[in-house]
Protein chains: 2
Amino acid sequence: MNRMTRTFTDAGVGIKDVAAAASVSTATVSRVLSGGSVSPALKERVEAAVRATGYRPNLSARRLRSKHSRTIGLIVSDIRNPFFTALSRSVEDVAFRSDMRVILCNTDESPEREAMYLRLMEEERVTGMIIAPTRQTADRIERLSFDFPVVLVDRTGPLGTHDAVVIDNLRATRQLIEHLVDLGHRRIGGIFGNTSSTAVERHEGYAAAMLSAGLTPEAHFTAPTIAGAATELARWLGEPDHPRAFIASNGLLLLGMVKAVRAAGLSIPADVTLAGFDNELWTELIGSGLSVIEQPIDEIGQSAMSLLFDRLERPDAPPRKMVLSGRLIERTASSPAEAEAPPPSDRN
Amino acid sequence: MNRMTRTFTDAGVGIKDVAAAASVSTATVSRVLSGGSVSPALKERVEAAVRATGYRPNLSARRLRSKHSRTIGLIVSDIRNPFFTALSRSVEDVAFRSDMRVILCNTDESPEREAMYLRLMEEERVTGMIIAPTRQTADRIERLSFDFPVVLVDRTGPLGTHDAVVIDNLRATRQLIEHLVDLGHRRIGGIFGNTSSTAVERHEGYAAAMLSAGLTPEAHFTAPTIAGAATELARWLGEPDHPRAFIASNGLLLLGMVKAVRAAGLSIPADVTLAGFDNELWTELIGSGLSVIEQPIDEIGQSAMSLLFDRLERPDAPPRKMVLSGRLIERTASSPAEAEAPPPSDRN
DNA sequence: GGGTGCCGAGAAAACGATTACATCTTGACG
DNA sequence: CGTCAAGATGTAATCGTTTTCTCGGCACCC
């Protein structure tokens with residue numbers, strides 16, 4: 001306790017010490033710890049010994065022998081994207097309740113880094129993996145075979161080799177466009193990320209909805225960052241005859257657009273209307289003129305975990321793709337000052 | 001490859017298979033993989049065999065034998081708090097570069113959950129741990145002894161048993177108050193979290209700064225959540241003679257306050273001035289009337305990792321406490337509409 | 001030319017748990 | 001009262017690596 005020197009390499013107490021302290025075999029200790037059948041008397045002795053010795057099982061040894069890592073890997077582009085923040089939290093909660101660990105990996109949309117993490121997942125012998133792949137690997141991952149179940153979230157490839165949970169991007173985008181058209185907009189610009197299949201789908205939905213409303217799509221693609229969207233929209237707003245309404249394919253881009261609008265000296269409900277994905281906390285602050293599609297992030301994470309667990313039980317069942325739907329949050333109140341009075345035309 | 005049934009329990013190829021394929025001993029394979037001394041010829045053979053077999057080392061076995069987990073534990077209250085999001089990202093980046101894993105744990109400010117995770121850290125035999133403890137465990141953790149180095153971040157206890165990295169909360173709060181006083185405010189209310197030592201320090205700084213300016217502190221404590229701050233401030237604003245300026249002890253509270261102000265039908269620069277900690281993305285959107293202290297989050301994470309590594313090398317060196325400083329970002333532009341014209345007094 | 005030291009490689013022990021298998025006890029049943 | 005099944009417990013093998021130890025060969029030096 002009051003040693004003069006610390007080494008951080010202490011031997012520590014092992015299961016043998018506990019067994020000795022309780023005068024039983026290591027097998028019995030193991031059985032007590034993992035709920036095997038032992039007589040109440042011995043069980044009591046062992047538990048006392050565990051408390052007395054301060055024994056902590058060595059998870060590496062346990063995993064090696066039992067061949068269960070009780071670990072799931074979560075690979076996303078950047079945890080700082082609030083969508084992934086919430087997703088990770090949701091996944092962690094389920095894992096925690098199931099007594100599992102989560103390894104969280106940020107790829108920064110870099111395929112190399114992603115590949116490194118895929119290798120890591122194999123070396124960790126994870127129980128399963130949840131991944132939002134970059135577009136390049138989205139296809140590739142479908143052809144790869146892993147020794148553990150894989151669930152794609154948010155982004156998905158064409159084949160459908162693995163289980164997946166996504167939202168209905170086409171429908172969601174259509175809702176967004178129809179909402180803006182209802183508001184009287186005829187020209188609606190779109191800014192989309194250029195790294196994810198999700199952005200592609202949302203662009204398709206956008207284009208389709210515009211065309212079927214008899215309008216002309218005007219889309220730009222950019223790096224899915226705040227700065228990317230900001231510069232892109234700034235340029236656009238600099239053009240003489242630009243649209244007065246824009247949509248963004250995710251929350252980061254949306255924020256970048258808001259910044260660009262402000263920087264251009266324009267104000268949001270009056271001069272420009274925005275809409276997009278992800279009901280982030282700050283969007284409510286803008287209020288009027290910024291409608292969004294809210295994604296059921298908690299449900300996405302929980303569903304992904306469910307798919308994983310199901311797959312572990314039935315490895316050969318056909319792959320399932322869960323399609324959840326986003327919810328349109330209309331923010332069209334007349335003026336930001338007199339907020340909170342629900343506008344008359346606003347169902348939902 | 002095209003098996004009819006998958007089991008997710010395959011034997012997989014082990015180091016023995018690689019050794020056999022290369023006609024060497026497992027020791028040699030191990031040495032090649034971990035950079036021991038082997039002749040170029042054998043090295044080449046082994047590397048070929050690794051590629052050919054698709055060998056993936058089993059990290060559990062490696063850790064068990066080598067007694068190095070190359071894992072660091074990061075324990076925070078909630079990753080959804082942007083401060084901790086950024087911190088975790090910063091820590092992960094350093095870890096990635098050092099070829100280490102991170103286990104991320106959310107305690108939700110619950111001491112029980114925190115205790116569970118502390119036990120987990122021991123069972124994982126982590127290389128080191130970085131933790132932002134709840135107030136209850138902040139004291140306790142200083143008396144606890146771990147077999148690995150511990151670095152406290154953001155929050156710290158009184159004793160200083162472990163290394164720590166924090167910001168100078170007293171100075172930062174004083175800056176904030178002086179800034180508001182410069183702006184002409186005489187009554188400045190404060191809302192502080194009730195779970196972290198950081199909030200306590202910030203409250204102390206607030207009280208001290210107010211008194212030394214000849215003003216009367218008016219402080220409320222609440223759960224450190226958006227809703228907590230929102231209800232607290234709503235009540236306050238309902239009082240007949242309330243302050244016109246408020247500070248919050250973190251970003252979540254600040255956002256809650258903005259919401260409360262909006263809900264009360266007041267507007268930010270005109271009716272109420274706010275200020276607080278954490279330069280979150282959305283704060284820039286409010287712009288005028290919302291000055292903040294920006295914390296050097298990346299540096300906090302990097303410093304924490306440095307302290308960890310140093311401690312591993314010199315276990316007996318006296319504990320170090322790194323005190324970084326926040327940076328005041330003054331946002332006092334005249335009106336939100338005519339934004340972005342840099343106000344004359346505002347450098348940066 | 002014969003010790004001497006070094007280096008590359010293999011054999012085998014060790015890491016700390018789980019678990020297959022053997023053994024012993026006990027109770028039920030014919 | 002003997003037999004057998006079931007349950008409790010111990011013994012020892014095992015998981016897949018790293019690491020220690022040993023040995024053989026080779027260069028070096030006097």
Side-chain angles (χ1 to χ4, degrees), chain A residues 9-47 49-50 53-71 99 120 122-127 147, chain B residues 8-47 49-50 53-71 99 119-120 122-127 147:
Chain A
T9 56
D10 295 343
V13 357
I15 200 173
K16 289 198 199 107
D17 305 299
V18 178
S23 313
V24 298
S25 73
T26 64
T28 300
V29 176
S30 174
R31 282 191 272 257
V32 169
L33 263 45
S34 49
S37 68
V38 281
S39 69
L42 280 198
K43 183 166 180 177
E44 176 54 38
R45 285 225 311 269
V46 169
E47 281 166 349
V50 167
T53 55
Y55 168 66
R56 293 280 180 275
N58 182 319
L59 287 187
S60 293
R62 203 205 281 276
R63 290 186 183 124
L64 171 60
R65 177 59 231 237
S66 71
K67 293 177 162 304
H68 290 323
S69 67
R70 304 198 72 77
T71 298
D99 191 32
L120 176 63
E122 305 188 299
E123 298 187 351
E124 290 276 4
R125 305 294 194 265
V126 293
T127 306
D147 291 340
Chain B
F8 297 133
T9 56
D10 296 343
V13 358
I15 200 173
K16 289 198 200 105
D17 304 299
V18 178
S23 311
V24 298
S25 72
T26 62
T28 300
V29 176
S30 174
R31 283 191 271 255
V32 169
L33 264 45
S34 47
S37 68
V38 280
S39 70
L42 282 198
K43 183 166 179 177
E44 177 54 38
R45 285 225 312 268
V46 168
E47 281 166 350
V50 166
T53 55
Y55 168 67
R56 292 281 178 275
N58 182 319
L59 287 187
S60 293
R62 203 203 281 274
R63 290 185 183 126
L64 171 60
R65 178 60 235 236
S66 73
K67 292 173 164 298
H68 290 323
S69 66
R70 303 198 73 78
T71 299
D99 191 31
R119 175 156 40 242
L120 175 64
E122 304 187 301
E123 298 187 353
E124 291 275 3
R125 305 292 193 266
V126 293
T127 305
D147 291 340

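Keep in mind the model is a prediction, meaning the values are calculated, not measured. Order of the sequence lines fixes the chain letters, A, B, ..., with proteins taken first and strands second; residue numbering starts at 1 for each chain.
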Considering only heavy atoms and no angle criterion, is a donor-acceptor pair shorter than 3.5 Å present between the side chain of B/Arg65 and the base of D/dT18?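 A donor-acceptor contact between them is present.
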A/Arg62: what forms a salt bridge (charged side-chain N to carboxylate O under 4.0 Å, His left out) with it, not counting sequence neighbours? none
Could I get the full list of salt bridge (charged side-chain N to carboxylate O under 4.0 Å, His left out) partners for B/Glu122, not counting sequence neighbours?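 So B/Glu122 forms a salt bridge (charged side-chain N to carboxylate O under 4.0 Å, His left out) with A/Arg56.
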From [options], pick the nucleotide closest to the side chain of [X]?
X: A/Thr26; options: C/dT18, C/dG16, C/dA14; value: C/dT18
X: B/Ser39; options: C/dT18, D/dG16, C/dG8; value: C/dG8
X: A/Asn58; options: C/dT19, C/dG16, D/dT19; value: C/dG16
X: A/Ser25; options: D/dG16, D/dT11, D/dT18; value: D/dT11

Figure out the [atom1]/[atom2] separation between [X] and [N], and round it to whole Å.
X: B/His68; N: C/dG16; atom1: NE2; atom2: C1'; answer: 17 Å
X: B/Asp17; N: D/dC15; atom1: CG; atom2: C1'; answer: 14 Å
X: A/Leu59; N: C/dT18; atom1: CG; atom2: P; answer: 10 Å
X: B/Arg125; N: D/dT18; atom1: CZ; atom2: P; answer: 19 Å
X: B/Leu64; N: C/dA17; atom1: CG; atom2: P; answer: 9 Å
X: A/Lys16; N: C/dT18; atom1: NZ; atom2: P; answer: 13 Å
X: A/Arg63; N: C/dT19; atom1: CZ; atom2: P; answer: 15 Å
X: B/Ile15; N: C/dA9; atom1: CD1; atom2: C1'; answer: 14 Å

Report the residues that fulfil side-chain hydrogen bond (donor to acceptor under 3.5 Å, both in side chains) with B/Thr127, sequence neighbours left out, ordered by chain and then residue number. B/Ser69
Of all residues at least two apart in sequence or in a different chain, which pass the side-chain hydrogen bond (donor to acceptor under 3.5 Å, both in side chains) check with B/Ser60? none
It should be established whether [X] places a side-chain nitrogen or oxygen under 4.0 Å from OP1 or OP2 of nucleotide [N].
X: B/Tyr55; N: D/dG16; value: no
X: B/Lys67; N: D/dT19; value: no
X: A/Arg62; N: C/dT18; value: yes

Where along residues 28-38 of chain A does a heavy atom fall under 4.0 Å from DNA chain C?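 Of all residues in residues 28-38 of chain A, the ones placing a heavy atom under 4.0 Å from DNA chain C are A/Ser30.
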Categorize A/Leu42 for me: base, sugar-phosphate, or nothing, with a 4.0 angstrom heavy-atom threshold over every strand shown. sugar-phosphate
Under 3.5 Å, which donor-acceptor pairs do the side chains of residues 26-40 of chain A form with other protein atoms, sequence neighbours left out?
unit_1: A/Thr28; atom_1: OG1; unit_2: A/Ser25; atom_2: OG; d: 3.3
unit_1: A/Ser34; atom_1: OG; unit_2: A/Ser30; atom_2: O; d: 2.7
unit_1: A/Ser39; atom_1: OG; unit_2: A/Leu42; atom_2: N; d: 3.4

Hey, are the side chains of B/Ile15 and B/Tyr55 touching, using non-hydrogen atoms and a 4.5 Å cut-off?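 B/Ile15 reaches B/Tyr55 side chain to side chain.
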Validation row: A/Leu59, B/Arg125 side chains within 4.5 angstrom (heavy atoms):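 Heavy-atom side-chain distance check fails, nothing below 4.5 Å.
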Taking A/Arg70 for its side chain and A/Asp99 for its backbone only, find out whether a donor-acceptor pair lies under 3.5 Å. yes
Specify the residue among B/Val24 and B/Ser66 whose closest nucleotide of DNA chain C lies further upstream toward the 5′ end.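 Its nucleotide being nearer the 5' end, the pick is B/Val24.
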Residue pair A/Asp17 / A/Gly12: nearest heavy atoms and the distance that separates them: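 For A/Asp17 and A/Gly12, the tightest heavy-atom pair comes out as OD2-O, 4.2 Å.
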On a heavy-atom basis, the closest approach of B/His68 and B/Arg63 is O-CG, 3.6 Å
Terminal axes of the helix from C/dG1-D/dC30 to C/dG30-D/dC1 (five pairs each): angle between them, nearest 10 degrees: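 Rounded value for the end-axis angle: 40°.
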